[in-house]
Enquirer: 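Take this structure first; my questions come after.
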Amino acid sequence: MGNWGFVGLAYGLALVALVGYLVFLKGRLRGAGEGLAALERESGRRTR
Amino acid sequence: MKKRKLKYLLAGGIVVAALAGMIYSGVQESMVYFYTPSELVQKKDAVQGKSLRVGGMVVERSIRWDPQTLLLTFQLTDGQGTVFVRHKGTAPDLFKEGAGAVVEGTWTSEGFFRSSNIMAKHSEEYKPPAHPETLESKKELFKSILKEGKP
Amino acid sequence: MGRGSLVARILGGAAGLLLATGLYLGLVVVPPDAVQGDVQRIMYVHVPSIVTAYIAFFVVFCTSILYLWKRDLRLDAVAVSSAEIGVVFTGITLATGMIWGKPTWGVWWTWDARLTLTAILFTIYVGYLMLRAFAEEPLAAARYGAVLAILGFLDIPLNHLAVYWWRTLHQPSSILRPGGPSVASAMLLPLAMNFAGLILLFAYFLVERVRLERIRHRTAEVRLTRGRRG
């Protein structure tokens, strides 16, 4: 592997980690948000 | 809930074991990560046959390389003591005369250090190569981009 | 809930712009290093990553102390969130450092003080996250976690001084060093861009991660009140 191969590997890994974390975070946010919305709808119906 | 607790204990155990291992190897190795050539010369009888590291500067005009046998020999110095090193195989690109190096291996009874691994040590200084033409052109390019980059 | 606040979007956008500029400067514009050649360009991602990780763990350190004092779960939410992001940046530092080490030192890894203490830092906060994730008693976990986070932070000043106290393969710091940076001025600009970019990216991640923690707290609250009602 040449000099640029190592540079590409380092930057590539960093990019994958950061984008991967962002996607993971957004996925958890969507899941938690939807779960909470459903729960609130449900309990709202029950109290009314 | 029992399964959850087991998972918890297992994960905690792994982390604690990893930490303990690193601290143990850290105390063992990191404190004296390498000996200087003069330290090694002083206590060579005590450390004979033990695997250890020596770090120093590669003595100018001391590197001998035989591509047939892959035998690489050189001297490491710290200004006071000098150690003769024999190594089978290649060395990193940054390994050169006048540069820093750390070698792993053992001190032999024949009076040289048998290296199994060479690591090049470089300084914390980073600067462009001293080619005035390309440097100037890069600087010009640099300035032009800075100007355009500002809103 | 989906897209995040205006603040988050501005932080994310600014981080993206700065990082794109820093990437271009560091990979294309700036000359290679005199000794190492092009592979030295890994510095522009390696060094800003570890500084960002240090900042993230400093946030954990401060919010953990404040949590033990005020017992406000909002502080704890910031601590957990920041720790998670700090682990990501420490992971990037370790990975890029190994990739930089192989072509320059000749080895991917060695157990010198700097590398060992960075691996310990990573392990401490991975352990912290495991403690928080698997805990059955959230309040107790928050308390123990805070203590672990505060003690774990001590690794960072130790790691900074390690290269001066002990012999290491790793070179001393290039930026935060007595006598000023030992990096040529042309190389400082992409470094500064990526610093700013990663710190803003950290801020963006933190805002979003804390929002996730708030949604989780709210969910737990709704479940609790519903459970009480029967």
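Nothing here was measured: the structure is a model prediction, and the numbers come from that model. The chains referred to below are lettered A, B, ... by the order of the sequence lines, with proteins before strands, and numbering in each begins at 1.
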Enquirer: Answer yes or no: does atom CD of C/Glu137 have more than 12 heavy-atom neighbours from other residues, nucleotides or ligands under 6.0 Å?
Expert: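 No, the 6.0 Å shell around CD holds no more than 12 heavy atoms from other groups.
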Enquirer: Return the minimal non-hydrogen interatomic distance between B/Glu124 and C/Ser182, and the atom names on each side.
Expert: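 The answer is O-OG, 2.6 Å.
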Enquirer: If I compare all heavy atoms of C/Leu169 with all of B/Ala120, which pair ends up nearest, and what's the gap?
Expert: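 Here C/Leu169 and B/Ala120 meet closest at CD1-O, 3.9 Å.
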Enquirer: Donor-acceptor pair, distance only, cut-off 3.5 Å: does the side chain of B/Lys127 make one with the backbone of C/Met187?
Expert: no
Enquirer: How far apart are the closest heavy atoms of C/Val107 and B/Asn117, and which atoms are they?
Expert: CG1-ND2, 3.5 Å
Enquirer: Using a cut-off of 6.0 Å, state whether more than 12 heavy atoms not belonging to C/Tyr164 lie near its atom OH.
Expert: yes
Enquirer: Could you tell me whether B/Asp78 atom CG has more than 12 heavy atoms of other residues or ligands within 6.0 Å of it?
Expert: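 Atom CG in B/Asp78 is packed in, count exceeds 12.
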Enquirer: Is there side-chain contact between B/Thr36 and C/Arg167, with at least one heavy-atom pair below 4.5 Å?
Expert: yes
Enquirer: About how many Å separate CZ of B/Arg53 and CH2 of C/Trp111, when rounded to the nearest 0.5 Å?
Expert: 11.0 Å
Enquirer: Side chains of B/Lys121 and C/Trp105, heavy atoms from C-beta outward: is any pair under 4.5 Å?
Expert: no
Enquirer: Using a 6.0 Å cut-off, check whether atom CZ of B/Phe84 has over 12 heavy atoms from anything other than its own residue.
Expert: yes
Enquirer: Can you tell which part of C/Ser173 gets under 4.5 Å to a heavy atom of chain B, answering side chain, backbone, both or neither?
Expert: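 Just its backbone gets close to chain B.
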Enquirer: Measure the spacing between OH of B/Tyr126 and OH of C/Tyr44 and express it to the nearest 0.5 Å.
Expert: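 It is 10.0 Å, given to the nearest 0.5 Å.
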Enquirer: Measure the CZ-CG distance between C/Phe134 and B/Leu10 for me, rounded to the nearest 0.5 Å.
Expert: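 So the gap between those two atoms works out to 9.5 Å.
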Enquirer: Measure B/Ile14 against the heavy atoms of chain C and call it side chain, backbone, both or neither at under 4.5 Å.
Expert: neither
Enquirer: With a 4.5 Å cut-off on heavy-atom pairs, point out which of C/Gly127, C/Ser174, C/Gly106, C/Pro103 contacts chain B the most.
Expert: C/Ser174
Enquirer: Would a distance-only check, ignoring hydrogens and angles, find a side-chain to backbone donor-acceptor pair under 3.5 Å from C/Asp33 to B/Pro128?
Expert: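 Pair absent, no side-chain N/O of C/Asp33 close to backbone of B/Pro128.
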Enquirer: With a 4.0 Å cut-off, would you call C/Arg177 and B/Glu125 a salt bridge?
Expert: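 Here C/Arg177 does not pair with B/Glu125 in a salt bridge, since their nearest N and O are not under 4.0 Å apart.
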Enquirer: Looking only at non-hydrogen atoms, find the nearest pair between C/Val35 and B/Leu94 and report the distance.
Expert: O-CD2, 3.5 Å
Enquirer: Side chains of C/Thr110 and B/Tyr33: does their closest heavy-atom pair fall under 4.5 Å?
Expert: yes
Enquirer: Below 4.5 Å from any heavy atom of chain B, which atoms of C/Leu131 appear? Answer side chain, backbone, both or neither.
Expert: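 Both parts, backbone and side chain.
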